Number of protein chains: 2
Amino acid sequence: MSKPEQDQFSPRQSAVLEEALSLLVEGGEKALTTAGVARAANCSKESLYKWFGDRDGLLAAMIAYQASKVRTYEPAGGKLTREELRAHLLTFVRDLVDVLSGEVSLALNRLSIGQAGAGGGKLGRLMLERGRGPIGKRAMTLLDAGRRSGLLDFSDGGEAYQTLYGLAVSDLHVRMLLGVSPETARKEFGSRADRAVDAFLRLYGAANKWEEPRIRHA
Amino acid sequence: MSKPEQDQFSPRQSAVLEEALSLLVEGGEKALTTAGVARAANCSKESLYKWFGDRDGLLAAMIAYQASKVRTYEPAGGKLTREELRAHLLTFVRDLVDVLSGEVSLALNRLSIGQAGAGGGKLGRLMLERGRGPIGKRAMTLLDAGRRSGLLDFSDGGEAYQTLYGLAVSDLHVRMLLGVSPETARKEFGSRADRAVDAFLRLYGAANKWEEPRIRHA
DNA sequence: CACGAACCGTACCGTACGGTACCGAATGAG
DNA sequence: CTCATTCGGTACCGTACGGTACGGTTCGTG
């Protein structure tokens with residue numbers, strides 16, 4: 001392989017990264033000092049620098065490590081019934097919400113966003129391709145399956161996905177990033193998952209499959 | 001007044017805050033040092049501490065100052081026609097997008113989010129109530145006007161607003177915060193404003209006013 | 001047992017930043 | 001003219017953190 005560098009982290013390194021993540025979750029970026037990580041993980045700073053190069057390398061490794069944990073999980077490839085599609089959409093939305101409201105995800109996003117303004121932006125790009133990529137891909141395959149089954153009607157899959165995402169998440173992600181308590185947010189989310197799927201199907205459901213035909217006004 | 005503290009900043013202080021903002025926009029939080037602000041604004045650090053207390057006070061003042069610039073702009077209170085409502089919704093969405101994609105807004109959100117993880121979270125709360133509050137209020141009055149005019153049908157205004165927001169913004173705000181180039185984002189936004197308003201009216205337009213009745217499925 | 005590699009713990013260094021103190025210049029009042 | 005207040009410029013201090021070097025220990029290998 002041309003890039004075997006991050007195929008996997010050694011068990012020891014994974015443990016260190018895990019400790020670094022939990023340190024980041026409680027205390028934010030300012031609490032994530034190299035000395036603190038070394039102390040919490042019972043390793044030496046020298047090893048940290050040997051393994052990850054420098055502090056930014058450690059941060060990048062944390063993101064890569066966390067991203068490596070997401071299960072990509074391909075939904076069945078066959079035809080879907082209406083109820084199956086609806087159920088799959090609902091679980092997708094719920095999973096999405098669970099991920100976004102997770103403490104580790106929030107902390108990592110805060111970290112990447114916090115230093116995105118500077119010249120770097122390296123972490124932000126990592127976050128975008130490693131984090132958003134897979135989950136978006138999973139949604140796209142689901143939407144495609146719905147279309148192939150004649151249940152959904154859209155021309156641009158990305159557009160449909162964006163709509164679903166917006167309906168499901170709205171501004172809650174940013175609000176959580178700004179500090180809204182996760183319980184408040186999660187409660188708000190819970191009541192919205194059903195409405196989001198419902199609205200999405202009203203917007204993109206194939207005619208005569210979900211309701212009477214809709215007329216696109218000029 | 002019980003809180004005349006931030007009724008206004010003196011012209012000198014406003015100039016300093018302006019300079020601090022532009023310093024934050026280029027270079028991120030790490031570039032926003034007290035010495036840097038003092039140098040850029042041709043004032044002394046001592047004056048900074050006299051006016052704003054400490055560094056956090058300066059950051060909070062920057063947010064308050066920027067928030068004080070938003071025009072709240074009340075839309076007419078009379079009956080609305082369909083076209084007027086549609087136009088108002090469209091301009092609202094466009095304004096919202098302009099605000100969110102503005103460099104200053106992005107930098108300030110990055111700043112607040114970046115230090116939201118730590119114990120503080122003070123800036124995040126400030127951002128939420130000073131930034132999101134007014135714009136949401138404006139949308140709510142517009143939606144209420146639409147309902148009073150018999151053009152919109154919803155029971156929970158907040159829910160409707162969240163839907164509109166999600167349709168308009170989706171995940172683009174977070175992606176911009178993570179570093180997606182503003183031009184890319186703005187282009188994506190432009191094509192979505194119309195679709196968002198369209199979809200919103202399909203979802204919340206009063207029956208027989210925009211299209212044939214919709215059936216809410218179980 | 002002997003040797004070497006990996007690694008932990010710690011001590012150390014340079015720097016950069018938040019915050020404070022001091023001094024001189026300008027401005028306005030009497 | 002003189003005094004007082006305000007503010008800019010600079011020098012200074014303490015601290016905290018990133019990064020490096022070194023001694024001691026464990027563990028695997030021949």
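In what follows, chains are A, B, ... by sequence order, proteins preceding strands, each numbered from 1. FYI, side chains are in, hydrogens and waters are out, and symmetry mates aren't considered; it's all heavy atoms of this structure. From a predicted model like this one, the values you see are computed outputs, not experimental measurements.
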Rounded interatomic separation in angstrom, taking [atom1] from [X] and [atom2] from [N]:
{"X": "Arg12(A)", "N": "dC7(C)", "atom1": "CZ", "atom2": "C1'", "value": "9 Å"}
{"X": "Trp51(A)", "N": "dA5(C)", "atom1": "CH2", "atom2": "C1'", "value": "14 Å"}
{"X": "Lys50(B)", "N": "dC7(D)", "atom1": "NZ", "atom2": "P", "value": "6 Å"}
{"X": "Phe52(A)", "N": "dC7(C)", "atom1": "CZ", "atom2": "C1'", "value": "14 Å"}
{"X": "Asn42(A)", "N": "dT26(D)", "atom1": "CG", "atom2": "P", "value": "15 Å"}
{"X": "Leu48(B)", "N": "dG18(C)", "atom1": "CG", "atom2": "C1'", "value": "12 Å"}

(message) Show, in sequence, the C-alpha distance, side-chain angles and deciding distance for Arg55(B) and Glu29(B), and conclude whether the salt bridge (charged side-chain N to carboxylate O under 4.0 Å, His left out) test is met.
(response) CA-CA 12 Å; Arg55(B) 188 173 184 268; Glu29(B) 172 170 15; 3.5 Å; yes
(request) Check for a donor-acceptor pair, side chain of Ser149(A) on one end and backbone N or O of Ala145(A) on the other, with a separation under 3.5 Å. (result)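 Confirmed, Ser149(A) side chain pairs with Ala145(A) backbone.
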Protein-nucleotides 20-22 of chain D N/O pairs closer than 3.5 Å?
{"unit_1": "dC22(D)", "atom_1": "N4", "unit_2": "Glu46(A)", "atom_2": "OE1", "d": "2.2"}

(request) Check Leu111(B), Leu100(B), Val25(B), Leu177(B) against Leu106(B) for a side chain to side chain contact (heavy atoms under 4.5 Å, CB included) and give me the one that passes. (result)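 Passing option: Leu177(B).
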(request) Could you tell me whether Arg195(B) and Asp198(B) have a side-chain N and a carboxylate O separated by less than 4.0 Å? (result) no
(message) Let's see if you can work this out: which of dG9(D), dG9(C), dG18(C) has an atom nearest to the side-chain heavy atoms of Arg55(B)?
(response) dG18(C)
(message) Let's see if you can work this out: which of dC8(C), dG19(C), dC7(D) has an atom nearest to the side-chain heavy atoms of Ser47(A)?
(response) dC8(C)
(message) Can you confirm whether the side chains of Ser14(A) and Tyr65(A) place a donor and an acceptor under 3.5 Å from each other?
(response)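 Looking only at side-chain atoms, Tyr65(A) and Ser14(A) do not form any donor-acceptor pair under 3.5 Å.
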(request) Kindly determine whether Leu178(B) and Arg125(A) satisfy side chain to side chain contact (heavy atoms under 4.5 Å, CB included), including the steps that lead there. (result) CA-CA 7 Å; Leu178(B) 280 170; Arg125(A) 222 171 309 130; over 6 Å; no
(message) Taking atom CD as the centre, does Glu103(A) end up with more than 12 heavy-atom neighbours from other residues, nucleotides or ligands that are less than 6.0 angstrom away?
(response)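 For Glu103(A), atom CD is not crowded (no more than 12 foreign heavy atoms under 6.0 Å).
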(request) Tell me, please, which residues at least two apart from Asp194(A) pass salt bridge (Lys or Arg N to Asp or Glu O under 4.0 Å). (result) Arg94(A)
(request) Kindly give the heavy-atom pair with the smallest separation between Ser105(A) and Met127(A), and that separation in Å. (result)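 Shortest heavy-atom contact: O-CE, 4.4 Å.
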(request) Using a cut-off of strictly less than 4.0 Å between a heavy atom of the residue and any atom of DNA chain D, enumerate the qualifying residues of residues 33-41 of chain A by number. (result)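 By residue number: Thr33(A), Thr34(A).
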